[in-house]
Protein chains: 2
Amino acid sequence: MSVTIDRTFSALADPTRRAILARLALGETTVSDLAQPFLGSMSLPAISKHIKVLENAGLIIKGQDKQSRPCRLNAPAMKEAADWIETYRAYWEESFDRLDAYLKTITTPSSKGKTNGKRSEGQ
Amino acid sequence: MSVTIDRTFSALADPTRRAILARLALGETTVSDLAQPFLGSMSLPAISKHIKVLENAGLIIKGQDKQSRPCRLNAPAMKEAADWIETYRAYWEESFDRLDAYLKTITTPSSKGKTNGKRSEGQ
DNA sequence: AGTTAAATAAACCAATCAGTTAATTAACAT
DNA sequence: ATGTTAATTAACTGATTGGTTTATTTAACT
């Protein structure tokens, strides 16, 4: 099985790393800049390591400009993970249908049809 | 920050656990049944632990029927992770657009396309 | 040449993880 | 009562993770 998707999900499992990705979604920036919001609670080498994890997962690409290492999102690497997770969309939507049905059974002994929202997509 | 999404991504980072989820997408089944395809390469307690990780992440729900523990998908727990990752869809789609544009610049006779790498921020 | 700035590497540590084997619980069947 | 089946718990191990502090690289600026 794909080891890259392992690394992708594993990289996304850390809140600091997700925050770094969120920052990068606003635009390319350097390691120092990415580290700045965290330096109160962790060291620069810690951030450097997080960035390396993201890089190894293919989620970001690190360049070089003088001493700086400008990082940018490499979002397509996320696509594989997104595609995997998307195959389950039908299941959680189906579950909402079941919740919907359940709510009807407990709220409509004599009620009018309020929940006409059709969620089933068919598959 | 949300510790539940941490646990979700972390649970999804393991191929055995993803295989278990894939099996459960076909329908509810017991721990033994889930373990069966893996017993050549790992022990039952190992699978039992994987299932507990999935349960703690809220990705599956474990019931009881006589001695068996029937497990079923609880896909809505995946939705939070899916939603997070979906916010980046625009970026990987845009990236493909940019790749497309880049390929055009290098295959065009008049190529002197010096891209400034600046991403369109703000929206 | 010496200094500063940006980032990483090295060495270390505690905690968590993924697996093992052996023992145990719980429910059922003789 | 005894045994069988399904699954978990306990105790242990080696590898990985996430962080630290200190030292080093690399490139620019006087």
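Protein chains get the first letters and strands the later ones, always in sequence-line order, with residue 1 at the start of each.
- Of the candidate nucleotides dT20(C), dT8(C), dG18(D), dT20(C) has the atom lying nearest to any side-chain atom of A46(B).
- For Q64(B), taking side-chain heavy atoms from C-beta onward, the closest of the listed nucleotides dA22(C), dA27(C), dT21(D) is dA27(C).
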Would you be so kind as to tabulate the donor-acceptor pairs closer than 3.5 Å made by side chains of residues 37-54 of chain A, with sequence neighbours excluded?
residue: S41(A); atom: OG; partner: F38(A); partner atom: O; Å: 3.1
residue: S43(A); atom: OG; partner: A46(A); partner atom: N; Å: 3.4
residue: H50(A); atom: ND1; partner: R17(A); partner atom: NH1; Å: 3.2

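- Nearest-nucleotide assignment on DNA chain D puts the 5′-proximal partner with V53(A), out of V53(A) and K66(A).
- Atom-to-atom, CG of D65(B) to P of dA26(C) comes out at 18 Å; the value is rounded to the nearest Å.
- As rounded to whole Å, 9 Å separates atom C1' of dA27(C) from atom CZ of R69(B).
- Between dT8(D) and S48(B), a contact under 4.0 Å exists linking OP1 or OP2 to a side-chain N or O.
- At least one side-chain heavy atom of L24(A) sits under 4.5 Å from a side-chain heavy atom of I20(A).
- Atom CD in Q36(B) sits roughly 16 Å away from atom P in dT5(D) (whole-Å rounding).
- N56(A) has its CG atom 11 Å from the P atom of dA9(C), to the nearest Å.
- Rounded to a whole Å, the CG atom of L39(A) is 11 Å from the P atom of dA6(C).
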Between M78(A) and Y91(B), is the side chain to side chain contact (heavy atoms under 4.5 Å, CB included) condition met? List the steps. CA-CA 10 Å; M78(A) 238 181 254; Y91(B) 290 91; over 6 Å; no
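- Between dT17(D) and H50(A), no contact under 4.0 Å exists linking OP1 or OP2 to a side-chain N or O.
- Side chain of Y88(B) to backbone of P76(A): no donor-acceptor contact under 3.5 angstrom is found.
- Within the 4.0 angstrom heavy-atom criterion, no nucleotide atom of any strand lies near T16(A).
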Pair up each side-chain donor or acceptor in residues 57-71 of chain A with any protein partner under 3.5 Å, not counting sequence neighbours, and list the distances.
residue: K62(A); atom: NZ; partner: E55(A); partner atom: OE1; Å: 3.1
residue: Q64(A); atom: NE2; partner: K66(A); partner atom: O; Å: 3.4
residue: R69(A); atom: NH1; partner: Q67(A); partner atom: O; Å: 2.7

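- Along DNA chain D, the nucleotide nearest K62(B) and the nucleotide nearest R17(A) are compared for position; the residue whose nucleotide lies closer to the 5' end is K62(B).
- An OP1 or OP2 oxygen of dT20(D) is reached within less than 4.0 angstrom by no side-chain nitrogen or oxygen of K49(A).
- Here dG19(C) presents its C1' atom at 17 Å from NZ of K52(B), a figure rounded to the nearest Å.
- For the pair M42(B) CE and dT8(D) P, the interatomic distance rounds to 15 Å; values are reported in whole Å.
- Rounded to whole angstrom, the span from the CG atom of L44(B) across to the C1' atom of dT25(C) amounts to 14 Å.
- For S68(B), taking side-chain heavy atoms from C-beta onward, the closest of the listed nucleotides dA6(D), dG19(C), dT21(D) is dA6(D).
- Set against dT8(D), dA6(D), dG18(D), the side chain of Q67(B) has dA6(D) as its closest nucleotide.
- The side chain of P45(A) lies closest to dT21(D), out of dT8(D), dG18(D), dT21(D).
- Between S43(A) and dT20(D) there is a side-chain polar atom (N or O) within less than 4.0 angstrom of OP1 or OP2.
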